[in-house]
Amino acid sequence: MGSSGSIPGAARLHLVDGVALLRPEEQVFTAMLTGFANQQLARNLARTTVESRENTVKAFAAYVNTYPWHWTPAMVDEWLGDLRSLRDLRRSTIRSCSEAVRAFCHFVTDPLYDWAATCEERFGTHPVQVVHEWNTAVHVQDNEADAKKRAFTKAELRAFFEHCDGEVVRIRAFGRKGWLPAFRDATLFKTAYAYGLRRNETRMLDAADFGRNPHGAGYGEFGRCQVRFGKAKKGSPPKRRGVLTVFGWTPDVLGEWFTEVRPLLGTDGTDGNDRAHRVDVTSPRCPSARRGQSTHRHDAWRTATTSVFAAVRSLSPERWEARTSAMANRRRL
């Protein structure tokens, strides 16, 4: 086997040669998954990606009710066909599932990791690549979003933001504590629109990420936004970028949140909480909102104001159009 036993994910690191196993098939498959995870972590892939691929491989194994050294391309065809016809999954999801199985099969069939030799020795057969170009979809289009989704119009945006503010007033009028999270989410939506941010980019903003813009002194302390948790490229850390403020109402929205509302949550940073200055901070017991909370509130408030089929990210395209227009006007001036 040479030096391949020292490679992350190699069979020798997870199984001892010559030792009989109590449940050989189950234990070898588990060792394969562990090695597959280690190999991906060694490539600096995100843990969410590693866990998602592992769950997909487990789902496929459960569907075909057999182990990788017995998999065939026909099994993949039937599985993907059922995902499309019975569960009606999106094209991008189907392709993601097939790519997860492809990556796993590529790993266990690579001679560097010795999994094929290990299976041949223990079971008399070995795994093969079952995902090929003729039984999987090819990614040929950059934008695969549902055609039903579109950006909000200005009238729809106005109605949406007015409803956000109205909900804060309504909840507070009943004397409920829920007006603080509602105010937080309204601020998150306005911030996402003002700077064209993704959901997680907005959620991970800190007060220190906002600063002055020497070419836009009128925006005060909120002339620029430093995005630290941008969408990462494969195997790389989050991508950073700076976004300039273009809307005159943005400093008022952020200023009100940081100076008047957020202190009411008791998160002044004196307790050593490193999340105390998050834009989306809620309470000392729950310092940061879960990723899906703002999405659920967005969907509920959107439904109450418009029938547009749109996601949180639909707040961004209209903002980019406005930013382009504002920058063009600034250059003309």
Side-chain angles (χ1 to χ4, degrees), residues 149 151-210 220-222 225 227 229 245 247-316 318-319:
K149 291 186 177 181
F152 290 107
T153 65
K154 291 182 179 180
E156 291 166 345
L157 275 173
R158 187 179 299 109
F160 175 73
F161 288 138
E162 288 177 354
H163 182 76
C164 293
D165 296 336
E167 283 294 291
V168 175
V169 175
R170 182 185 66 83
I171 297 174
R172 190 176 186 181
F174 285 103
R176 299 176 181 174
K177 295 185 295 184
W179 75 270
L180 289 173
F183 196 106
R184 174 208 63 198
D185 288 342
T187 303
L188 284 175
F189 298 144
K190 295 172 184 177
T191 304
Y193 173 74
Y195 294 104
L197 306 181
R198 297 180 176 89
R199 177 178 53 182
N200 195 54
E201 293 173 347
T202 310
R203 190 178 70 94
M204 300 303 292
L205 284 177
D206 288 350
D209 292 328
F210 298 96
E221 297 295 333
F222 302 100
C225 175
V227 181
F229 286 86
T245 304
F247 296 123
W249 50 262
T250 305
D252 296 333
V253 170
L254 293 173
E256 183 180 13
W257 166 254
F258 284 115
T259 60
E260 300 180 21
V261 180
R262 189 178 61 83
L264 298 177
L265 298 170
T267 52
D268 56 359
T270 58
D271 58 353
N273 184 2
D274 61 348
R275 295 185 178 183
H277 299 288
R278 286 273 172 85
V279 175
D280 73 333
V281 67
T282 55
S283 70
R285 290 182 301 173
C286 183
S288 185
R290 294 195 303 269
R291 188 169 183 173
Q293 284 181 338
S294 59
T295 302
H296 296 158
R297 195 183 295 270
H298 168 272
D299 293 341
W301 287 356
R302 172 186 53 79
T303 304
T305 57
T306 176
S307 60
V308 177
F309 180 44
V312 174
R313 67 180 60 185
S314 297
L315 294 171
S316 298
E318 179 71 23
R319 198 278 310 170

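Treat the numbers as computed from the prediction; the structure is a model and nothing was measured.
Under the side-chain contact (heavy atoms from CB on, under 4.5 Å) criterion, Arg172 pairs with Trp179, sequence neighbours left out. A search for side-chain contact (heavy atoms from CB on, under 4.5 Å) contacts involving Val253 returns Thr187, Lys190, Trp249, not counting sequence neighbours. Arg158 meets the side-chain hydrogen bond (donor to acceptor under 3.5 Å, both in side chains) test with no other residue; sequence neighbours excluded. Scanning for salt bridge (charged side-chain N to carboxylate O under 4.0 Å, His left out) contacts around Glu162 gives an empty result, with sequence neighbours left out.
Formation of a donor-acceptor pair under 3.5 Å by the Thr245 side chain with backbone atoms of Phe222 is found in this model. In terms of modelled atom types and a separation under 3.5 Å, the side chain of Asp209 and the main chain of Asp206 share a donor-acceptor contact.
In this structure, Arg176 CZ and Arg170 CZ are separated by 6.5 Å, a value rounded to the nearest 0.5 Å. Considering OG1 of Thr202 and CG of Asp185, their distance stands at 11.5 Å, rounded to 0.5 Å. Distance OG1/Thr191 to CG/Leu254: 4.5 Å, rounded to 0.5 Å.
Considering every non-hydrogen atom in both Ile171 and Gly178, the closest pair reads CG2-C, 3.7 Å.
Tyr195 has its side chain out of reach of Val227: every pair of non-hydrogen atoms, C-beta onward, lies at least 4.5 Å apart. Here the side chains of Leu205 and Phe229 are not in contact, with every heavy-atom distance at 4.5 Å or above.
Taking the six-membered ring where tryptophan is involved, the planes of Phe160 and Phe189 are tilted, since the angle between them lies from 30° to 60°.
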